[in-house]
Structures are given as structure tokens and as C-alpha cells.
Amino acid sequence: GCFEVLRDPREFESLTVLVHAPGGGDGRFRFAEVPADGDLGVLQLEELPAVALRVVDATGRPIPGALLRASAPEWLASSLTAGERRTDAEGYAELTLPRSSEALLVRAPGYTPRRIERSGLAGAESVQEIALTASNGLRLQLAGPQGPLPPGAAANLELRMVSEQGLLSNDPELDRAFAPRRGTVLTSVLSQTGLIAARLRPDAEACIELDAVRPGEAFRVEVRSRTGELLLQQQLAPLAPAGRADVVLQLPRAPRSYEGVVLGPDGRSVAEAVVALRAPVGSGAEAGSLTAITDLQGRFEFPALWRDEVALRVSAPGFALALDPARALPAAGTPDTLRLEAGREFLLEVRAADGSVRMPQQLTIQDEAGRAVRGATVEDDGRLRVSGLGASPLEIEVFLDGWIYRERVDATTTAWTL
């Protein structure tokens with residue numbers, strides 16, 4: 001139950017601490033003066049009662065599986081996910097609202113989501129019914145020139161939908177809690193102009209379904225590949241208040257496959273190597289990255305790409321990072337061979353004045369191009385071993401006990417003691 005903030009108490013003239021415990025505790029503590037030793041003492045939380053709710057449709061039938069979550073500031077939202085609740089088969093659920101929350105967000109597939117202000121919720125002594133109304137729906141199916149897209153193509157696609165008045169409720173907090181019904185995972189992509197982007201899961205079919213789309217508003221749909229190509233731009237007609245629309249988005253080009261094998265300097269296959277693709281450097285394309293992991297035979301596969309040149313990056317423990325800013329891919333169906341070089345190792349040792357080994361609270365190692373190096377392991381003697389480094393100088397940053405230590409070592413250094 002203890003916490004620590006590594007800051008000098010003299011930096012604070014006053015301090016306010018907000019605490020939320022998923023089990024129901026809540027507290028707000030204000031210190032007019034911060035003690036010189038920084039010890040805030042024991043913070044006694046106030047236990048909050050749970051709110052009993054029942055979610056039903058317009059006819060009074062229960063809605064099982066409805067999601068209930070508290071509305072909260074951005075800094076607190078991530079800690080409230082443990083307090084989310086779903087209704088049972090009879091539509092019942094209990095939820096504890098932290099004092100910092102202003103409202104309750106309720107959503108269920110096929111229904112318009114609702115925001116209920118805290119003042120509109122009944123006390124813990126009674127069960128409050130929340131009625132949801134059935135909503136319209138939109139299903140966007142992606143297809144290629146020859147028909148359905150191949151399995152796995154969804155992983156390389158991103159849909160962007162923009163409308164002048166907002167795509168959903170135009171309440172960013174409510175919309176952020178309202179995910180599509182199937183096929184996708186929303187990233188933090190909502191703005192005042194509606195839904196900006198939705199990425200498809202690798203195992204999903206190439207479609208997206210949305211509920212409660214704002215009726216009477218036309219909106220634009222863009223389909224982009226994760227490797228930086230605009231594949232389609234289309235204006236869709238306004239949706240009606242009720243009913244469901246099924247739209248097929250026909251992509252003008254079919255994807256191609258890209259497969260290959262990753263080998264070490266001795267010609268042996270490298271398992272669990274990460275192969276990452278982006279738009280070529282300098283292309284100006286707006287893109288994310290697409291990754292695959294090699295199997296035990298060192299093989300990898302990208303089932304659907306829409307370009308013939310990519311920026312390629314291959315990383316694997318014990319090997320130096322392999323980069324190609326503009327790699328021309330072989331013809332579709334022709335395996336590619338990627339060779340890695342053995343990486344140099346680096347040992348880092350952190351010791352206190354009495355000689356005892358200390359573990360850094362945070363360690364950052366970068367090469368001369370500013371790329372972060374990951375994968376440190378702890379040896380039996382307490383030293384940290386970092387493998388897979390190339391032949392270049394390193395920038396080392398160690399954070400420990402409120403202090404930051406920085407050091408630059410040349411390409412020949414294999415060990416450093418702090």
C-alpha cells in the first residue's frame with residue numbers, strides 16, 4: 001500500500017493527491033505544505049458504496065453483456081479499467097464509481113450508447129434501470145478486384161472515416177468507450193470530426209461494423225495500408241435513423257504476398273526474429289509498421305502487401321540490427337533471403353559506494369542513429385548483458401534513486417561500470 005514519488009519536496013509549495021482503488025476506495029488529499037522529509041504519512045481512503053444497475057431495452061427486456069464504465073479524466077482512465085463491469089444474463093451489474101468520475105457510460109452491441117450524469121444515478125439502496133434504444137448500423141466490407149481479400153489481409157489495413165458533424169455521438173468520451181461490434185480494435189483515434197482510424201485485427205475478416213452512426217450526415221471513408229499507401233477514398237451517403245446499411249468497398253488493386261527466411265552468418269535459420277516493414281524512407285507516405293515473427297525454420301510471411309518497395313528492419317537477440325531503407329521486394333511467390341550479422345555484447349555494472357550491486361530503475365541504450373536497444377538480461381554476478389549490438393558508439397542513460405547518469409562509449413567498449 002505504499003507509493004513513492006522521486007521529487008525534491010522543496011519543489012512543491014502545495015500538493016494535491018487523488019487516489020482511486022479499484023476495490024472501492026477513494027480519496028482526495030491536499031497538503032498546504034509538503035513536509036521537509038517528503039513523508040505524507042498514512043492516507044486513509046473512504047469506502048464508496050456500489051451502485052446497482054439493470055440495463056434493459058425499450059420493451060423492458062434485459063440486455064446481457066452491456067458494458068458499464070466510469071467517466072474519468074485522461075490521467076485516471078487507465079486505472080479504472082479494472083472497475084469496468086458487464087451485465088449478467090438478467091441485465092444486472094454493480095459498479096463502484098470513484099469520486100473523481102462525473103458520469104456513467106453504458107453501451108451494448110446494437111444499441112445507442114448512453115452517458116448518465118452522476119447526479120442522475122440512484123443510491124445503493126435501490127436498483128436503477130437504464131434503458132437503451134436500438135440503433136442503426138453500418139457494415140463496411142472490403143474486397144479486392146477478384147473478390148474477397150486473402151486471409152490475413154486485414155492486418156495491413158486501416159480505415160479512416162471523417163464527417164463534418166462527427167461520426168458517432170460527437171461526445172469524445174462516450175465515443176472512446178464505444179468500440180465497433182466486430183473485426184477491429186480502435187486505437188486512440190477519435191476527434192471532433194468523428195472516427196479517424198480503425199485498425200483490423202490480424203485474425204479478423206476485412207470488415208467493420210458500427211452501431212449508432214449519426215444519421216443524416218454524409219461522411220468520407222479512406223482505406224490505407226499499414227505500409228503507407230492510400231488504396232481507396234469514397235464518399236458514403238447519409239445513414240437513416242433506423243435500419244442497417246451494408247456497403248462493399250472495392251479496392252482497385254489486389255495485394256501481393258511477401259515471404260522469406262532469416263539466416264545468421266553461419267547460414268543457419270534464425271527463429272523468433274522480428275521482421276518489420278514500413279513505407280520507404282523519404283517516400284512521404286503516412287504509415288505505421290507491419291511486423292512478422294520467424295518460425296523455428298526462420299520463415300516469415302506477409303500475406304497481403306500493396307507495394308513493391310519497403311523500409312525493412314530485422315532484429316533478433318544476439319544479432320546486429322539489419323536495416324534496409326528501400327528494399328525492392330522479389331516477385332510475389334518468390335522467397336526472399338535476409339542475412340543477419342552476429343552482434344556484439346555489452347556488459348553494464350552498477351555498484352553502490354559499499355560495493356553492492358544495484359539494479360537501475362530505468363535503463364536506456366541508444367546507438368549513434370538514436371535507435372533504442374532492448375533486451376538486457378541479468379547475469380549471476382548482477383551485471384546486465386545487452387546483446388545484438390552493431391559496431392557503433394553507444395549512448396547509455398541510467399536512472400537510479402532520482403538521479404540520471406549519462407555516458408557515451410565507443411564502438412570497441414564491451415563493458416562499463418557505474
Side-chain angles (χ1 to χ4, degrees), residues 1-19 29 31 33-43 74-79 188 272-274 276 278 281 288-289 291 311 313-323 325 340-418:
C2 299
F3 68 92
E4 184 178 18
V5 180
L6 296 175
R7 295 290 293 270
D8 188 340
R10 292 171 296 182
E11 296 181 17
F12 300 96
E13 293 182 359
S14 63
L15 181 67
T16 300
V17 180
L18 304 178
V19 182
F29 307 91
F31 299 87
E33 295 182 358
V34 180
D37 60 359
D39 187 0
L40 302 181
V42 177
L43 307 182
E74 287 292 334
W75 64 270
L76 187 60
S78 60
S79 68
S188 298
E272 297 186 352
V274 179
R278 291 179 63 91
V281 175
S289 62
T291 60
R313 170 184 174 132
V314 185
S315 59
F319 297 90
L321 190 68
L323 300 171
L340 300 179
E341 297 180 357
R344 100 177 196 256
E345 292 186 332
F346 178 78
L347 291 174
L348 172 65
E349 186 176 56
V350 181
R351 290 190 174 273
D354 60 1
S356 60
V357 177
R358 297 293 306 276
M359 284 293 107
Q361 291 164 305
Q362 183 174 323
L363 171 66
T364 302
I365 301 179
Q366 293 184 336
D367 60 17
E368 58 183 351
R371 292 183 294 264
V373 178
R374 299 180 177 87
T377 57
V378 182
E379 300 291 291
D380 293 337
D381 57 4
R383 291 187 297 178
L384 297 173
R385 180 183 297 274
V386 184
S387 60
L389 301 175
S392 66
L394 299 176
E395 296 280 350
I396 304 171
E397 183 176 285
V398 176
F399 177 71
L400 182 64
D401 294 341
W403 293 83
I404 292 179
Y405 305 87
R406 293 187 178 95
E407 184 76 15
R408 178 180 172 85
V409 300
D410 60 32
T412 62
T413 303
T414 58
W416 178 58
T417 299
L418 168 64

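Heavy-atom basis, side chains included; hydrogens, waters and symmetry copies ignored. Residue indices begin at 1 and follow the sequence shown.
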Measure across [X] and [Y] and return the closest heavy-atom pair with its distance rounded to 0.1 Å.
X: Gln361; Y: Asp401; value: OE1-N, 2.7 Å
X: Ala273; Y: Ala316; value: CB-CB, 3.8 Å
X: Val398; Y: Leu348; value: CG2-CD2, 4.2 Å
X: Pro9; Y: Ala36; value: CG-O, 3.8 Å
X: Pro360; Y: Leu400; value: CA-CD1, 4.2 Å
X: Ala320; Y: Leu340; value: O-CD2, 4.3 Å

Can you check whether [X] reaches [Y] side chain to side chain, under 4.5 Å on heavy atoms?
X: Phe346; Y: Val409; result: yes
X: Val274; Y: Arg313; result: no
X: Ile396; Y: Leu418; result: no

Give, for atom [atom1] of [X] and atom [atom2] of [Y], the distance between the pair rounded to the nearest 0.5 Å.
X: Leu363; Y: Glu397; atom1: CG; atom2: CD; value: 9.0 Å
X: Arg383; Y: Arg351; atom1: CZ; atom2: CZ; value: 8.5 Å
X: Asp410; Y: Leu394; atom1: CG; atom2: CG; value: 9.0 Å
X: Thr291; Y: Arg278; atom1: OG1; atom2: CZ; value: 11.5 Å

Next on the checklist: Does Glu33, at its CD atom, have more than 12 non-hydrogen atoms belonging to other residues, nucleotides or ligands within less than 6.0 Å?
Outcome noted: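 Counting other residues, nucleotides and ligands, CD of Glu33 stays at 12 neighbours or fewer.
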
Checklist entry - Has Glu407 got more than 12 heavy atoms of other residues, nucleotides or ligands less than 6.0 Å from its CD? => result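 Yes, the 6.0 Å shell around CD holds more than 12 heavy atoms from other groups.
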
Item to check | Stepwise side chain to side chain contact (heavy atoms under 4.5 Å, CB included) check, Leu384 with Met359 | outcome: CA-CA 9 Å; Leu384 297 173; Met359 284 293 107; 4.1 Å; yes

Next on the checklist: Holding to side chain to side chain contact (heavy atoms under 4.5 Å, CB included), I want the full list of residues that pass it with Ala352, two or more places apart in sequence or in another chain.
Outcome noted: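 For Ala352, the residues satisfying side chain to side chain contact (heavy atoms under 4.5 Å, CB included) (neighbours in sequence not counted) are Asp354, Ser356, Arg358.
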
Checklist entry - Among Thr16, Leu18, Val19, whose side-chain contact (heavy atoms from CB on, under 4.5 Å) with Phe29 holds? => result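 Per the side-chain contact (heavy atoms from CB on, under 4.5 Å) rule, the option paired with Phe29 is Val19, out of Thr16, Leu18, Val19.
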
Item to check | Candidate pair Val314 and Phe319, rule side chain to side chain contact (heavy atoms under 4.5 Å, CB included), full reasoning | outcome: CA-CA 9 Å; Val314 185; Phe319 297 90; over 6 Å; no

